[in-house]
Each structure stands twice: as C-alpha cells, then as structure tokens.
Asker: 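Just passing along the structure, written as structure tokens.
In each ligand, atom 1 is the first atom listed, and ligand 1 is the first ligand listed.
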Amino acid sequence: MSKEYNVAIAGATGAVGIEMIKTLEKRKFPVKNLRLLASVRSAGKKLPYNGTEIVIEELTAKSFKNVDIALFSAGGDISREFRPAVVDSGAVMIDNSSAFRMDEDVPLVMPEVNPEDIKKHCGVIANPNCSTIIMLVAVAPLHRAKKLVRLVAATYQATSGAGAKGMAELELQTRQLLENQPIKPEAFAHRIGFNLIPHIDAFSDNGYTKEELKMLYETRKMLHAPELRVSCTCVRVPVLRAHSEALNLEFAEEISPDEARAILREAPGVEVVDDPANQRYPMPIDATNQDNILVGRIRRDISREDNRGLDIFVSGDQVLKGAALNAVQIAELL
Ligand code: HSE
C-alpha cells in the first residue's frame, strides 16, 4: 500500500485554506488524517472534505503532534509564531506567507521551475507570492530556452489577493455604488469598486512596494539568476479572483513569437490562448477556477531594433496556482 500522510492546514477557513482542502481532495493527495486549524473564533465549526465533515480545531503549539505536512496560510505573524512548534514536532511546514521566502535555509519552490531546491529544506519550504508564481509559470520555460536578462511587468491583481474579505469588499462596494449608498474602504486603502489602486503591500524607501520587490527577489531566487533585472508596478483591480500581468521580456538570444508559442505549448501548467483574430487572449474570467496559467498576446517588442524582446499577457487563478495548488504541488514533490 502506498504511504499516506497526516496533513494539517493552518488558516483553514480563509480563501486559500478552503481551496487547499479542495485541492487535496481533487488531486487525491494520499491523506491519512486531515486537521483543520484556525483561530478560536472558528473552532468547532465544520468544513466538508471527501464526503465527510471535519471539525475545525483551534491552532495551538500542540496542533502538530503526528503531523507530517503542515500547510500554512494564516499570515506571516502566525507562520513565525508556530514555525518552532511545527519543526520540533517533525512536520514539514509549507508556508504561503512572505515570512521566510528570502531566508537562505528556506527553499522557495515552484514544481515547474526549481523542484530540485526542495531537497535543501530544514523543515520549512516557502510558497512564492501569487504574482511571481503566475508570471514564472510562463516565463521560466522561455528563460530556460533563451536566457531572460530583463523583465518589466505591470500587474492587474484581483481582490482575492487580500483574502475572502477583499472579495467581499468588491461585491459590497459594487452594490453600494450602484445604489448611491456611502462606502467605507476596509480591506484596501481606497475604494476598489469601479477603481484601481496602484498600491499593494507597504512602500519601500526606493518608491517600490514590497509586492513589486517580491517580483524581483523571488524571481532571482527561483531562477538562480542573481543578475536578472526586474522592474514592476503592481495594481489592485476590481476583479474577483484571477491576477493578470503584462510582461515585457528581454532575452540574451533572439526569440520569435512563434518560437515562444511552441515553447509555451509544451510547458507544464501553461495554456496558450493567443488568437487575436478570433478575440481570444487571456482574461481573468477565463482563468478563474483553472489550474493552468493562460498566456497570450505574444508579440515582438517593436520598441527594439533586434529580435530579443517579447511582450506577453498572462492570467492565472490567484487562489489556485497562485497559492493553494502550488502549495499542494510542493507537498506532492515532498
Ligand atoms: N500579495 C498578493 C496580493 C496575494 O495581494 O494580491 C498573496 O499571494
């Protein structure tokens, strides 16, 4: 009989936690016992799993006894607080927060990009930021073929990036604005209904936000490309749950749009949607609930005199491949 694992999910009631439960079920992960952990507020409630219901337990330092794999999606502070308890109990933590991503002893892993890095873990493996994941599913295969040297990105990030409360705020404000009612921004710094906000995570001294710098540092770490140049503007848009990105790519070698399409058609986790004549291109409504990242609008960068530049557009489900699915794929790799 193949081995089965005791799995815990910390943050089980959040948008990503719920999707982690569904992803374990959908991918038939060999779960022996599943523990759902959350704050005391949710303890005692139940969530469905594989035709049964599992009672949610309060997350405490004792929650990890006999657990093999602990999936964390409850924010960086909770991950930092419970890391010693997880590691001391002998479990491996797969952490969706940004708490440990840049730590030397913590591999940052996408199964399609750098699966070999997982071997270096010392009890913690970090799941990258959703915008980085969605970008690299498409960019890593092109980088392997033609060596990426510079990348300029603009993101169009869905409200799901701020969790279930972000999505609820978009729905509520849309209704309120249509009915001329007053609105009160809570999940975002400004109104998100019928607006966009070029501000995700805190600002750094150099004028970039931390979200924008994650695109630089996480990409360099996973591609093992410390000299790669990346600039990015991250924008929150009134979309429910799939992130999109416009990417300008510069390679060391020449690459044509047709070559790029051929590479991407073979790439795991990618669906090429690139038929402008028939108005087919990636859109968040089509990427929602899909495991694959949609890639299209593939064209030569006409601002260059050589053939080393491409522009592409990607859309991917932030909650799935951007978070829960990648975390479960890391668990599968383990
Ligand atoms: N930082 C992302 C966002 C979500 O705010 O859209 C976390 O992966």
Asker: Show me which atoms of ligand 1 lie under 4.0 Å from any heavy atom of Ile200.
Answerer: 5 (O)

Asker: Which of the atoms of ligand 1 are close to Gly161, meaning less than 4.0 Å from one of its heavy atoms?
Answerer: 3 (C), 4 (C), 5 (O), 6 (O)

Asker: Out of Arg236, Gln318, Gln157, Glu211, whose heavy atom sits nearest atom 5 (O) of ligand 1?
Answerer: Arg236

Asker: Just jot down the side-chain contact (heavy atoms from CB on, under 4.5 Å) partners of Glu254, sequence neighbours excluded, or say none.
Answerer: Asn307, Arg308

Asker: Would you check if the side chain of Ser63 reaches a backbone N or O of Leu59 as a donor-acceptor pair within less than 3.5 Å?
Answerer: no

Asker: Can you list the residues that meet the ring pair (Phe, Tyr, Trp, His ring centres under 6.0 Å) rule with Tyr217, with sequence neighbours excluded?
Answerer: none

Asker: Quick one: which of Cys130, Ser98, Ala15 has a heavy atom closest to atom 8 (O) of ligand 1?
Answerer: Cys130

Asker: Of Lys26, Arg241, Lys321, which is the lone residue that meets salt bridge (charged side-chain N to carboxylate O under 4.0 Å, His left out) with Glu19?
Answerer: Arg241

